[in-house]
Chemist: 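Handing you a structure now.
Whatever order the structure lists ligands and atoms in, that order sets their numbers, starting from 1. Values below: all heavy atoms of this structure, side chains included; hydrogens, waters and symmetry mates excluded. The chain is numbered in sequence order, starting from 1.
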Amino acid sequence: KEKIEFTTEQQALMRVITDAYNKHQIPQDVTKKLLQDQYSTEENFLLLTEMATSQVQVLVEFTKNIPGFLSLDREDQIALLKGSAVEAMFLRSAQALNKKMPIGHTEVLEERIHKSGISEEFIKPMFNFYKSIGELHMVLEEQALLTTITILTPDRPYVKDQPAVERLQENVLDLLRKMCVLHHPQEPQYFARLLGRLTELRTLSHYHAEMLASWKVNNHKFTPLLCEIWDVQ
Ligand SMILES: N#Cc1ccccc1NC(=O)[C@H](C1CCCCC1)n1c(-c2ccc(Cl)cc2)nc2cc(F)c(F)cc21
């Protein structure tokens with residue numbers, strides 16, 4: 001049984017990232033809203049744009065706490081945020097769906113999302129991703145580190161100093177690898193499976209603009225922030 005040792009730097013990094021992840025939760029819990037009422041496709045689209053907009057603001061605050069992020073070139077910081085916002089939102093949505101809920105709530109939530117206005121062709125890939133995240137039973141620290149790794153992806157479009165991003169990402173990857181051994185000692189391949197989800201996440205995120213454009217509403221209105229961050233309008 002491998003003895004897991006964390007350096008003092010890694011312990012500090014873990015605490016900072018976990019605290020930031022906890023602090024920057026989504027203000028109002030979207031699952032509670034969706035469980036409360038069945039909304040029209042228009043109301044759901046509005047809720048989505050509100051959630052996505054607040055999610056971007058939450059993401060910006062979260063990245064400020066990633067050690068080293070603010071020392072990156074400012075344009076690279078923007079490129080990393082723009083490049084990861086959609087993936088971070090789908091990760092957050094997956095974690096929202098896979099949260100422990102009273103009996104029958106998850107089924108209601110899934111039903112509401114199926115009927116929310118999203119076009120059928122995207123339902124399957126989206127729920128496949130949510131299910132594959134759920135099967136991992138990630139602990140909170142792993143969720144926080146996975147989101148951080150997604151943000152610190154060096155090969156996003158327009159990133160100039162990729163090695164600087166790689167150095168930050170490597171520290172977080174090393175920490176995540178150790179956390180996976182610690183929390184899933186029986187699954188030596190767990191870390192690799194976790195990283196494999198990031199590939200699935202990137203594929204799903206390619207659809208996001210189409211998913212929004214094909215939402216069953218007459219008028220697709222977006223906030224200025226979403227127009228900036230998402231390739232819409
Ligand atoms: N945005 C956002 C966001 C930010 C933080 C947390 C959840 C978010 N997701 C959301 O609000 C949307 C809602 C918005 C109202 C209409 C039904 C979907 N959502 C999505 C979903 C996000 C995008 C795109 Cl194109 C399709 C779907 N998959 C969800 C899974 C869940 F379990 C869940 F509760 C919510 C979920």
Chemist: I want to check something: taking the side chain as every heavy atom from C-beta on, are W215 and S116 in contact at a cut-off of under 4.5 Å?
Modeler: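 Heavy-atom side-chain distance check passes, below 4.5 Å.
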
Chemist: Short list, please: which atoms of ligand 1 are under 4.0 Å from a heavy atom of Q55?
Modeler: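 Under 4.0 Å from Q55, ligand 1 has these atoms: 4 (C), 5 (C).
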
Chemist: Which one of R92, R156, R197 satisfies the salt bridge (charged side-chain N to carboxylate O under 4.0 Å, His left out) criterion with E87?
Modeler: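 The residue from R92, R156, R197 that satisfies salt bridge (charged side-chain N to carboxylate O under 4.0 Å, His left out) with E87 turns out to be R156.
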
Chemist: Under the 3.5 angstrom rule, does the side chain of K216 hit a backbone N or O of I118 as a donor-acceptor pair?
Modeler: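 Present.
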
Chemist: Below 4.0 angstrom from a heavy atom of N44, which ligand 1 atoms are there? Numbered from 1 as shown, please.
Modeler: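 Result: 15 (C), 16 (C).
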
Chemist: Can you tell me if D76 uses its side chain to pair, donor with acceptor, with the backbone of V159 under 3.5 Å?
Modeler: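 A pair under 3.5 Å: no.
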
Chemist: List ligand 1 atoms under 4.0 Å from L97, heavy atoms only on the residue side.
Modeler: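 Matching atoms, with element in brackets: 32 (F).
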
Chemist: Would you mind listing every ring-ring contact (aromatic ring centres under 6.0 Å, His included) that reaches into residues 126-145, with sequence neighbours excluded?
Modeler: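 Output for this query lists H114-F127, F127-Y130.
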
Chemist: Could you tell me whether L48 approaches ligand 1 through its side chain, its backbone, both or neither, with non-hydrogen atoms closer than 4.0 Å?
Modeler: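 Both backbone and side chain.
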
Chemist: Below 4.0 Å from any atom of ligand 1, is there a heavy atom belonging to E110?
Modeler: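 Checking ligand 1 against E110, which is what was asked, there is no heavy-atom contact under 4.0 Å.
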
Chemist: Is E42 paired with K221 through a side-chain N to carboxylate O contact shorter than 4.0 Å?
Modeler: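 Here K221 does not pair with E42 in a salt bridge, since their nearest N and O are not under 4.0 Å apart.
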
Chemist: Please identify each residue that fulfils side-chain contact (heavy atoms from CB on, under 4.5 Å) with E228, with sequence neighbours left out.
Modeler: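 Once residues adjacent in sequence are excluded, E228 has no partner under the side-chain contact (heavy atoms from CB on, under 4.5 Å) criterion.
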
Chemist: Only heavy atoms of I118, strictly under 4.0 Å: list the atoms of ligand 1 that pass.
Modeler: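 Ligand 1 atoms under the 4.0 Å threshold to I118: 26 (C).
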
Chemist: With a 4.0 Å heavy-atom cut-off (strictly under), which part of I113 contacts ligand 1: side chain, backbone, both or neither?
Modeler: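 For I113, the contact with ligand 1 is made by the side chain alone.
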
Chemist: Under 4.0 Å between a Lys/Arg side-chain N and an Asp/Glu carboxylate O for K178 and E141?
Modeler: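 E141 and K178: not salt-bridged.
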
Chemist: Is the contact between Y130 and ligand 1 made by the side chain, the backbone, both, or neither, using heavy atoms and a 4.0 Å cut-off?
Modeler: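 Y130 to ligand 1: side-chain contact only, backbone stays beyond 4.0 Å.
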
Chemist: Of the side chain and backbone of H208, name the one, both, or neither that has a heavy atom under 4.0 Å from an atom of ligand 1.
Modeler: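 For H208, there is no contact with ligand 1 at all, from either part.
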
Chemist: Just jot down the ligand 1 atoms closer than 4.0 angstrom to any heavy atom of T31, in number order.
Modeler: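 Every atom of ligand 1 under 4.0 Å from some heavy atom of T31: 34 (F).
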
Chemist: On a heavy-atom basis, I'd like to know which of A52, S93, A88, A96 is closest to atom 36 (C) of ligand 1.
Modeler: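 Going through A52, S93, A88, A96 one by one, S93 has the nearest heavy atom to atom 36 (C) of ligand 1.
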
Chemist: Can you tell me which portion of S116 lies within the under-4.0 Å heavy-atom range of ligand 1? Options are side chain, backbone, both, or neither.
Modeler: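 The answer is the side chain of S116.
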
